[in-house]
S.K.: 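Once you've had a glance at the structure underneath, I'll fire off some questions.
Computed from a prediction, not measured in an experiment: that's the story for all the values here.
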Amino acid sequence: MPQQHRDFFENLPMLFLGLLDPAGRPWCVPAFGPPGFVASPSADALVLQRAPVLVDELGLMLTPGSSVGLVGVDLSNRRRNRMNGRVRHASGDAITLAVDQSFGNCPQYIQTRSQTVARAEPSAAAGRSSSLADPVVRRIIESADTFFITSRAAGPLKGGSAGVDASHRGGRPGFLGINDDGSLSFPDFSGNRMFNTLGNIESDGRVGLFVPDFETGEAVVLTGRASIDWSAERAGAFAGAERIVDVQPEEIWHATATLPVTATLAEPWPALEATGTWDEVRLAALKRDGYRRFRIVSKRRESDAITSFYLTPADGGPIEPHEAGQFLPIWLHDDEGPILRSYTISQAPNGHDYRLSIKREAHGRASRLLHDRFESGDVIEVASPAGDFVLDDSTQPIVMLSGGVGITPMVAMLDGLVNAERSGAPRRKVYFIHATRNSASRAFRGELEALARQYDWLHLFTAYSAPGAEDSLGHTHDIEVRLSMEVLADLLPFGGYQFYLCGPESFMRALYSGLRDMGIDRSHMHYEFFGAGELDDTEEKAATAELPTRATVTFAHSKVQTEWTAQSGTLLEIAEAAGLKPSHSCRSGKCGTCATRLLSGSVHYPRKPLIRPAEGHVLTCCAVPMDEHIEIGL
């Protein structure tokens, strides 16, 4: 070992070891101690003053000559080193390892964590035999963002490099999945190209996993047999995966007092956003052309023009999660053909259904169809929730300004705040200010007033611009004027608020401009605006580019090819003209719903999109071809 490796191991509070049981099966188990519990008396030796956890319970081999793999990870800075070697001798808790190889690994997929000592020693009775039927075991596995894996080479192991290896794997929570047949699966992302683990799996297949819950100190420890699925189709379904590894467990332990430290997540690996989860893969498999069938289970009238539609998956599968404030793209059909629309989900996530609260517009083709012809039991097609009009993560007070049907994302966000407070999150004062014509047009009145009576941090104000005969000032509403900056100045102290706006364009432009004139920083203003422009009018023109006169566009998944000209519009528009139904909503590069893989060629954005697509993706709603041949994953 070079000196820097020796220093690294000596300063770690934990190591993860790969050891074999008498049947030759590999297990991955941790060893913990205060920094200094590992010593390196020479360049070819490591001495552990603490025995690994579960060694006795699992009967792990520590006899001289036994192969061992080891990985050390500094969770505070993502540094990682691995070592392979043999047991030189073991006496009591002290184990001396003869080092054969020591090498560093890149920091990819390591989540940084702050560590706190929870107990001086792990419990002597650290675990019990269990199974995937145990809800706690399933919870640990399915919520893990980190696990450690041990693998071994085939044949008799006589020490040296042909032995046991220990490695680290990281991803988003849910990247380690449990399959219906009782097996586990995880993606293999692009890494350091050393392929130690994959080579051992191809050689022998026996592996051990250590899946920690850093918050509680529990872990799932298992041994089994792994295989690699090299098919591009299966890997392609999991974002970021180059191949998929399947593990059939043979023995599973639930370790209830395994980690003497707790480690709170400080920062995920930055590139995790480009990776997937098994829930996303399963949900995508339920969709056809990006859409999934949902059944209307009930309708509820909210006002004289707004009706709520409650939707659940028609296939009986799980509902796709969303953030409060996001919208849901839907696909309808009438006698004139297909209709693509997006409507705000007007409640926070509940894991059961979506609520769309839709205003019937006199000339609205989709809204009239939904209001007049769709009833409970009918089925519509929906895509994935999308949109970035969601609550910030600060603790500042919130002002919600809504007009008309613009109340829908505000109700969802408020629902989310209520759920957060019930879960122990800090309270945030909320001024919920809504403008509408009168009580007949006012939606969610009973729901909001019930919340205001229950939560003293919620303050409701309602402005009626045309009160009806049955309306009573001070009872049904607070003021009888159109909402303006003068009204807001009387209601609010204007100090350190986050402002959220949604409503008719004229309503939003007036309030946005007024707030800016009062010196409110743009970073404190959030709005939902789907139209040809922005409230700031700050759209940036992209640099000019020389575009082809004609281009051939191939939609790879649909096996459709079409021709683009300067008069064809965007990639989204030519896809729709070709009969496809790609996901989209804003058509201005703001929401990201239309993001699709760019398989070949390059594109140009005549107007700079407001968000940046992931690496290798294109926003079809605002992109045009820049090469004569391009291929996208629609």
S.K.: If we ignore hydrogens and angles and just use 3.5 Å, is the side chain of Thr596 paired with the main-chain N or O of Cys594 as donor and acceptor?
M.R.: yes

S.K.: Return each pair, listed once, that meets salt bridge (charged side-chain N to carboxylate O under 4.0 Å, His left out) where at least one residue sits in residues 457-469; pairs must be two or more places apart or across chains.
M.R.: none

S.K.: Excluding sequence neighbours, so at least two apart, what forms salt bridge (charged side-chain N to carboxylate O under 4.0 Å, His left out) with Lys299?
M.R.: Glu375

S.K.: Among residues at least two apart in sequence or on other chains, which ones pass side chain to side chain contact (heavy atoms under 4.5 Å, CB included) with His617?
M.R.: Arg597, Pro613, Ala614

S.K.: List in chain and number order the residues that pass side-chain hydrogen bond (donor to acceptor under 3.5 Å, both in side chains) with Asp315, two or more places apart in sequence or in another chain; answer none if no residue qualifies.
M.R.: Arg292

S.K.: Between the side chain of His434 and the main-chain N/O of Ala443, is any donor-acceptor distance below 3.5 Å?
M.R.: no

S.K.: Could you list all the salt bridge (charged side-chain N to carboxylate O under 4.0 Å, His left out) pairs where at least one residue sits in residues 322-333, not counting sequence neighbours?
M.R.: none

S.K.: Please say which of Lys429, Gln498, Arg428 ends up in a side-chain hydrogen bond (donor to acceptor under 3.5 Å, both in side chains) with Gln396.
M.R.: Gln498

S.K.: Which class fits the ring pair Trp331 and His333: parallel under 30°, tilted 30 to 60°, perpendicular over 60°?
M.R.: perpendicular

S.K.: Assess whether a salt bridge exists between Asp213 and Arg139, defined as any Lys/Arg side-chain N lying under 4.0 Å from an Asp/Glu carboxylate O.
M.R.: yes

S.K.: Taking the six-membered ring for Trp and the full ring for Phe, Tyr or His, determine whether the centres of Phe186 and Trp278 are under 6.0 Å apart.
M.R.: no

S.K.: Kindly write out the residues that satisfy salt bridge (charged side-chain N to carboxylate O under 4.0 Å, His left out) with Arg282, not counting sequence neighbours, or none if the list is empty.
M.R.: Asp279

S.K.: Tell me if the aromatic rings of Tyr343 and Phe309 count as close, with their centers under 6.0 Å from one another.
M.R.: no

S.K.: May I have all residue pairs that pass side-chain hydrogen bond (donor to acceptor under 3.5 Å, both in side chains) and include part of residues 480-489, sequence neighbours excluded?
M.R.: His477-Glu480, Ser484-Glu486

S.K.: Quick check: does any side chain N or O of Arg172 sit under 3.5 Å from a backbone N or O of Glu273, one acting as donor and the other as acceptor?
M.R.: no

S.K.: Could you work out, with salt bridge (charged side-chain N to carboxylate O under 4.0 Å, His left out) as the rule, every residue matching Arg138, not counting sequence neighbours?
M.R.: Glu142

S.K.: For residues 569-578, which residue pairs qualify under salt bridge (charged side-chain N to carboxylate O under 4.0 Å, His left out), counting only residues two or more places apart or in two chains?
M.R.: Glu576-Arg587

S.K.: With sequence neighbours excluded, tell me which residues meet salt bridge (charged side-chain N to carboxylate O under 4.0 Å, His left out) with Lys359.
M.R.: none

S.K.: Can you list everything that forms a side-chain hydrogen bond (donor to acceptor under 3.5 Å, both in side chains) with Ser568? Sequence neighbours excluded, please.
M.R.: Thr565

S.K.: Which of parallel (below 30°), tilted (30 to 60°) and perpendicular (above 60°) describes Tyr512 and Tyr527?
M.R.: perpendicular

S.K.: Hey, could you give me each pair passing salt bridge (charged side-chain N to carboxylate O under 4.0 Å, His left out) that has a residue in residues 445-459? Not counting sequence neighbours.
M.R.: Arg300-Glu447, Arg355-Glu447, Arg427-Asp456, Arg442-Glu449, Arg445-Glu449

